Amino acid sequence: APALWIAQQMLINACANHYEASYQQPKNSKLGVFNGIFWMIFQFSACLGSFVGGVVFSFNASIGFLYALFSMICIAGMFLFCCIRPMNVNYG
């Protein structure tokens with residue numbers, strides 16, 4: 001898990017730096033905004049997951065169905081992540 005968090009932060013830094021360079025903003029001026037957007041989405045996913053679980057269980061579905069549904073959502077997210085275009089970023 002630590003490697004994933006480091007990779008996530010590197011991606012956020014690269015996106016923020018690219019945005020700042022594209023719009024002539026001072027370096028690291030938008031990093032907090034990009035981190036805030038990430039954490040908003042991350043926290044919302046927990047709320048949404050709980051909501052989906054509640055809806056599924058309100059229809060007396062099995063735990064296996066819920067597991068399969070969450071697995072399909074994760075796989076769809078994986079494919080969407082693979083569609084992200086690489087950026088030409090200079091890490092120097």
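These numbers come from a predicted model, not from an experiment. Along the sequence shown, the residues carry numbers beginning at 1.
- For Asn28, the side chain to side chain donor-acceptor pair (under 3.5 Å) test picks out no residue, with sequence neighbours left out.
- For Ala61, the side-chain contact (heavy atoms from CB on, under 4.5 Å) test picks out Val56, Phe65, with sequence neighbours left out.
- Ile75 and Leu80 are assigned to two separate hydrophobic clusters, defined by single-linkage of ILVMFWY side chains at heavy-atom distances under 4.5 Å.
- The hydrophobic cluster around Phe51 extends to Val55, Phe59, counting ILVMFWY residues whose side-chain heavy atoms fall within less than 4.5 Å of a member.
- Not counting sequence neighbours, Ser45 has no partner by the side-chain contact (heavy atoms from CB on, under 4.5 Å) test.
- Between Glu20 and Pro26 there is no side-chain heavy-atom pair separated by less than 4.5 Å.
- In this structure, Ser71 OG and Met78 CE are separated by 10.0 Å, a value rounded to the nearest 0.5 Å.
- Hydrophobic clustering (ILVMFWY, side-chain heavy atoms < 4.5 Å, transitive): Phe34 and Leu11 are in distinct clusters.
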Anything under 3.5 Å between a donor and an acceptor, one on a side chain of residues 35-42, the other on a protein residue two or more places apart or in another chain? List them.
unit_1, atom_1, unit_2, atom_2, d
Asn35, OD1, Gln9, NE2, 3.4
Asn35, ND2, Leu31, O, 3.4

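- For Phe79, there are no ring pair (Phe, Tyr, Trp, His ring centres under 6.0 Å) partners at least two apart in sequence or on another chain.
- With contacts defined as side-chain heavy-atom distances shorter than 4.5 Å, the pair Phe57/Ile63 qualifies.
- In this structure, Phe70 has no ring pair (Phe, Tyr, Trp, His ring centres under 6.0 Å) partners at least two apart in sequence or on a different chain.
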